[in-house]
Amino acid sequence: MRKSRLSLFKSTSMLISVVGIVMIIATIIVVAYVGFSIVNESITDEISSGNQYDDLAKLKSEYADLQSKFDSVKSTYYAGGTDDVKKYNDAKLELTRAGSAIDNVQSALDAGKPSNDVDSRITFAKEKLGAARQAYENL
């Protein structure tokens, strides 16, 4: 009877040791995975942020070009009648909206907003810039 108790104690002790080692290994794997995910996400966010700053610079450049085009035809439309002035001002309003959307992208980047939020603002700014470009072409 003593041998069976001793054998049972040994097997139980061995089982507890093996389960403990498995739990320690599982904990290390989970902690390593979480750490890797955090590092990977921060690297991805930095890359995405760099692309977003490039998009912002491109938007600002296109806006500046379009604004100079508007300024070059301003005197022509202001020399005309009130219908010409109204048409110019309506087109210029689209340019102002595009400028506001671009400023919104800038503020989102400065505030460190999530990547998907900044991307949606960039898309919106591109749409508004396209509308301003179309308004200029319709002048």
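What you see is a predicted model, and the numbers here were worked out from it, not measured in a lab.
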Minimal non-hydrogen separation, [X] against [Y], with atom names:
X      : Y      : value
Lys60  : Gln106 : NZ-OE1, 3.0 Å
Phe124 : Ala101 : CD2-CB, 3.9 Å
Ile102 : Leu59  : CD1-O, 3.6 Å

Could you tell me whether the side chain of [Y] reaches within less than 4.5 Å of the side chain of [X], counting heavy atoms only?
X      : Y      : answer
Asn116 : Ser120 : no
Lys74  : Phe70  : no
Gln134 : Asn138 : yes
Glu94  : Arg133 : no
Ile122 : Leu56  : no

Derivation and outcome, side-chain contact (heavy atoms from CB on, under 4.5 Å), residues Leu95 and Tyr136 | CA-CA 9 Å; Leu95 182 67; Tyr136 174 76; over 6 Å; no

Are Gln67 and Asp71 linked by a side-chain donor-acceptor pair shorter than 3.5 Å?
-> no

Residue that, paired with Ile21, satisfies side chain to side chain contact (heavy atoms under 4.5 Å, CB included) out of Ile25, Val18, Ile24 = Ile25

Do NZ/NE/NH1/NH2 and the carboxylate oxygens of Lys86 and Asp90 come within less than 4.0 Å?
->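 Here Lys86 pairs with Asp90 in a salt bridge, since their nearest N and O are under 4.0 Å apart.
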
Determine, for Asp117 against Arg121, whether the closest basic-nitrogen to carboxylate-oxygen distance falls under 4.0 angstrom.
->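 Yes, charged N to carboxylate O under 4.0 Å.
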
Could you tell me whether a side-chain N or O of Ser17 sits under 3.5 Å from a main-chain N or O of Ser13, the two making a donor and an acceptor?
->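 Looks like yes, one N/O pair under 3.5 Å.
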
Can you check whether Met23's main-chain N or O pairs, donor with acceptor, with Thr27's side chain at less than 3.5 Å?
-> yes

Checking side-chain contact (heavy atoms from CB on, under 4.5 Å) for the pair Asp65/Ser61: CA distance, chi angles, key distance, verdict?
-> CA-CA 6 Å; Asp65 290 342; Ser61 173; 4.2 Å; yes

